[in-house]
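Report on one structure; see the data block that follows.
Starting from 1, each residue takes its place in the sequence as its number. If you're wondering where the values come from, they're calculated on a predicted model, not measured in any experiment.
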Amino acid sequence: MEVHISDIYSYFPFRLFGLDRGALNVLAEAEFAAEIELCRANPDMVQKYLEMKRAGYRVGFISDTYWNSQQLARLLRACSPELSWDFLYASCDQDSGKGEKLFAKYLAEQGIDPASSIHFGDNEKADIAGARRHGIRPRYYPQASAAFASKLQRETAMFELLCPERPSRLDHGGRTLRRVVAAASSDKRPGFQLGLTVLGPIMAAFDAYIEARRAQLARAGRRVAIGFLGRDGFLPHRIWQDAHGEAAYLEINRRVSLLGSADTLEPLCDLLEKLGKIDEPSFAQMFTILPPPVKAFFAKCPDGVATGRDISRALPRLVDAGHVAQIAAGIRKRLLDYLRNTIPEFDSCTDLMLVDLGYSGSVQKGLRRIFDREGIATRLHGTYLLSLDDAFYDVAECDTAEGLVSDLVVTPHAKRMMLRNVALLEQICCAADGSVRDYRDGEVLREDNLCPADQLALAAEIQTGARTFAAQARALAPRYGLRPYAASDVMARWTAAILGRLLLLPDDDELVLFGNFSHDVNLGTRKMVPMLDSNTVKDQVIARGLPIACTAPEPPMWLAGSLASISSSHAYLYVLFGTNRLPPNVFGETPCGSLRIGLFGSNGRAAMEAITVFQSGLGELRLRIPIAQDMAVATIAVPLGKLARDGIMQGVVVQSGKDTAQAADNPDVVRVADDRLIFAGVARNGRHYRADDERGCLLIPVDPPRSKVAIYTISLTSLDCDRIVGVGKASRA
């Protein structure tokens, strides 16, 4: 049974809004007015329609719709006034849809031979199968794929979490444009499709933002040059060149800008502090010096490798500050030679826009200090995709720094969640060349790019898809009457939603696509770290619980992807955490009883200890067993039969520290290998176990503690009941 719009509004809660049923037609007409305002004709289909009409074919429309024939006619003429037709069928007028009797009615009334009739449609069931069932030749005009439609649904959820006070439905045609571009693409390579449907819309919006900012600066009568910062600004630079022509690509990283602007050891110490580890060759390459005291320092380090923190604290007694100033002066001269060689009429520019993915303007600030030292008055304007706005407090008064996705678009808390996962965006946007290490005669000297060849090839494929979208969007938006970049605030919010969805709620195809990606820290070291590591994150969840695991340090670089590889629910809970919507008293852990466990020493001594049992918001049971170094414990015995006779063993992990508090906070989590665990009186199949009775035990071997205290954490999911409210007691929800 087909319905009219009036049938739908007959269920409207009129009284809730202070209306009577007489308002039904007013409401229906308001929706129809919105439909006319938002509906757009497909230019390709209009052209095909008119060509067939000029060729002498009888043409018309058959539609499954709750708008009647008169309304459908009004809608068609509003979209394309030149349209006329020989027939028009609306399913609600005929009390039957295309999947039922509507095609048969059309054939009978029009007296048309089915074999000479062609039907164009986008619904495989109603349009294609329905037409074919009646002998009509169908022509499929596909819209968004199911996978793409799923991404759009996730983006809506992301929008509502990141921008909760704003309406999510209207985007000035952004989604329509994406659907049109995607439907027209014949290149189905996964990387290209991701660039076309996801990264391309982000970069096209960023390009529109850059152009608007350049125009705003130029209106003041200034001579404005644009420089895209390499390596992350590589893709935005290519898209800008495709649309607007030449612009400078500036290979300047924060290490070069920091060293060139240094007059004391403090900036160098700050840089080293951020490194995980560094060796002698990396130090020499980074700072172009290796004084004997530094060489001696590394010689005393285990395997010649020091932590960034240790070398940072030792640096003032190892390196002479005057030597650093001399090195900085040399870098400044070579950098300025490079800028003059790269930016046309550099010395006559009044303003220089520095375009980058973001985030805190470290290159911009370093370049400002260099300009000031050299007496260069050129104003600098950081133009970023993502801006960490509270880091711009020390941007020079003459300069500016702004981001498309600023703190006015999403909260700083949510922004930091996005930035925690931004390494993925950097890898798919950056150049294939290695990072700059110095300059000579106005040219760039680069490090080797350590990324694997297949990763670079995939990034290039994604970038090709993004550039294709940007070009197609520029061509198709005017044809369809779409203006997705006209309202900067709307554009910024939807850019945040699309980017947030990619970084924080990846689908399975994207996890497979990026599963082997690694990330170079880009600070002069040769260290590559994994982008995705679900096992490490699983261990974090076992040891510290989900809310604390959501703050896990790098690596892995892509924390959200690592959580998503555990389950989509884990990724969504992470987004809730990052948007302050993960209540700790719901998803944290609460005590649900106690359990006596056995501690057996290598000397034959044994002791029974009462351990608190916790339950997480996901229903997992967790026991933490602290072991002091002087206890000489060799084996821990956990009576699984008393805790949960039937369950899933998530794993056993260990944390170490000088005391219990430090061990509990230690993110360095080590898993006890499954094949070392001994199940006594317990049947085991993979991670599932079943204890014969209450005497069934898990025996955990205890290695000599690396620190004074080790905490062994056991995590399992009980299959005995839905929720444990006390060990030995349970309730079924």
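Using a 4.0 Å cut-off between a side-chain N of Lys or Arg and a carboxylate O of Asp or Glu, Asp242 and Arg238 do not qualify as a salt bridge. Under 4.0 Å is where a charged nitrogen must lie from a carboxylate oxygen, and between Arg231 and Asp433 no such pair does. With salt bridges taken as basic N to acidic carboxylate O contacts below 4.0 Å, none links Asp310 and Lys300. At a threshold of 4.0 Å, the pair Arg214-Glu211 counts as salt-bridged, since one of the basic side-chain nitrogens sits closer than that to a carboxylate oxygen.
A donor-acceptor contact shorter than 3.5 Å links the side chain of Asp389 to the backbone of Asp407. Between the Thr350 side chain and the Arg223 main chain, a donor and an acceptor come within less than 3.5 Å of each other. For the pair Glu251 (side chain) and Ser435 (backbone), a donor-acceptor distance under 3.5 Å is absent. Remark: the backbone N or O of Thr551 is not paired with any side-chain donor or acceptor of Arg420 at under 3.5 angstrom. Remark: side-chain polar atoms of Gln463 are paired, donor with acceptor, to backbone N or O of Cys430 under 3.5 angstrom. Distance alone, capped at 3.5 Å, is enough to place a donor-acceptor pair between the Arg213 side chain and the Gly382 backbone. A donor-acceptor pair under 3.5 Å links the side-chain atoms of Ser562 to the main chain of Asp533, judged by distance alone. Not one N or O on the side chain of Arg334 forms a donor-acceptor pair closer than 3.5 Å with the backbone of Arg440. Under the 3.5 Å distance criterion, the side-chain polar atoms of Asp232 are left unmatched by any main-chain donor or acceptor of Leu357. Of the possible polar contacts, none joining the Thr342 side chain to the Ala248 backbone as a donor-acceptor pair under 3.5 Å is found.
Ile498 and Val198 make their closest contact through CG2-O, 3.7 Å (heavy atoms, listed as atom of the first residue, atom of the second, distance). The heavy-atom pair separating Ala204 from Tyr485 by the smallest distance is CB-OH, 3.2 Å. Here the shortest heavy-atom pairing between Gly366 and Ser261 reads O-CB, 3.5 Å. Of all heavy-atom pairs between Pro291 and Leu318, the closest is CB-O, 4.1 Å. Among all heavy-atom pairs drawn from Val409 and Ala496, the shortest one is CG1-CB, 4.1 Å. Between Leu502 and Leu194 the shortest heavy-atom distance is CD1-CD1, 4.2 Å.
Other residues, nucleotides and ligands contribute more than 12 heavy atoms inside 6.0 Å of the CD atom of Glu374. Atom CG of Asp394 sits in a crowded spot, with more than 12 heavy atoms from other residues, nucleotides or ligands closer than 6.0 Å. By the neighbour-count criterion of 12 heavy atoms within 6.0 Å, atom CZ of Arg309 is sparsely surrounded, having that number or fewer from other residues, nucleotides or ligands. For Arg483, the CZ atom sits in a loose shell: 12 or fewer heavy atoms of surrounding residues, nucleotides or ligands are nearer than 6.0 Å. Residue-environment remark: CG (Asp347) exceeds the threshold of 12 foreign heavy atoms within 6.0 Å.
Here the CE atom belonging to Met353 is positioned 3.5 Å from the OG1 atom belonging to Thr383, to the nearest 0.5 angstrom. For the atom pair Gln455 CD and Phe517 CZ, the distance stands at 4.5 Å (nearest 0.5 Å). Within the model, atoms CD of Gln193 and CD of Glu461 stand 9.5 Å from one another, a figure rounded to the nearest 0.5 Å. Taken to the nearest 0.5 Å, the CE atom of Met203 stands 6.5 Å off from the CD1 atom of Ile239. Taking OH from Tyr384 and CZ from Phe392, the interatomic distance works out to 5.5 Å, rounded to the nearest 0.5 Å. Between the CG atom of Asp207 and the NE2 atom of His244 there is a distance of 3.5 Å, given to the nearest 0.5 Å.
Residues satisfying the salt bridge (charged side-chain N to carboxylate O under 4.0 Å, His left out) criterion with Arg474, sequence neighbours excluded, are absent altogether. With sequence neighbours excluded, no residue forms a ring pair (Phe, Tyr, Trp, His ring centres under 6.0 Å) with Phe577. For Asp489, the side chain to side chain contact (heavy atoms under 4.5 Å, CB included) partners are Ala487, Arg493, not counting sequence neighbours.
Screening residues 280-295 for salt bridge (charged side-chain N to carboxylate O under 4.0 Å, His left out), with sequence neighbours left out, gives Glu280-Lys295. Counting only residues at least two apart or in different chains, ring pair (Phe, Tyr, Trp, His ring centres under 6.0 Å) contacts with residues 409-446 comprise Tyr338-Tyr439. Screening residues 315-329 for salt bridge (charged side-chain N to carboxylate O under 4.0 Å, His left out), with sequence neighbours left out, gives no hits.
When side chains are defined from C-beta on, Gln540 counts as touching Pro667, because their heavy atoms get closer than 4.5 Å. At a threshold of 4.5 Å between non-hydrogen side-chain atoms, the residues Ile202 and Leu385 count as touching. Considering only heavy atoms from C-beta on, Phe514 stays 4.5 Å or farther from Pro506 through its side chain. A heavy-atom distance below 4.5 Å is found between the side chains of Leu336 and Phe371. At a threshold of 4.5 Å between non-hydrogen side-chain atoms, the residues Lys151 and Glu510 count as touching.
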- Evaluate the side chain to side chain contact (heavy atoms under 4.5 Å, CB included) criterion for residues Val363 and Leu250: first the C-alpha distance (whole Å), next the side-chain angles of each, then the deciding distance (0.1 Å), finally the verdict. CA-CA 11 Å; Val363 172; Leu250 304 178; over 6 Å; no

- Task: In sequence, state the C-alpha distance, the side-chain angles, and the governing distance for Leu424 and Leu532, and then conclude on side chain to side chain contact (heavy atoms under 4.5 Å, CB included).
- Result: CA-CA 10 Å; Leu424 176 66; Leu532 191 152; over 6 Å; no

- Glu246/Gln241 under side chain to side chain contact (heavy atoms under 4.5 Å, CB included): CA gap, chis, key distance, verdict: CA-CA 5 Å; Glu246 286 300 318; Gln241 283 186 310; 3.1 Å; yes

- Task: Report the C-alpha separation of Val395 and Thr400 in whole Å, then their side-chain angles, then the decisive distance to 0.1 Å, and conclude whether the side chain to side chain contact (heavy atoms under 4.5 Å, CB included) test is met.
- Result: CA-CA 7 Å; Val395 167; Thr400 64; over 6 Å; no

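Between the side chains of Ser362 and Arg254, no donor-acceptor pair is found at a separation under 3.5 Å.
The aromatic rings of Phe159 and Trp494 are tilted relative to each other, their planes meeting at an angle between 30° and 60°.
Remark: of the listed residues Val537, Thr579, Asn421, Asn421 is the sole one forming a side chain to side chain contact (heavy atoms under 4.5 Å, CB included) with Tyr574.
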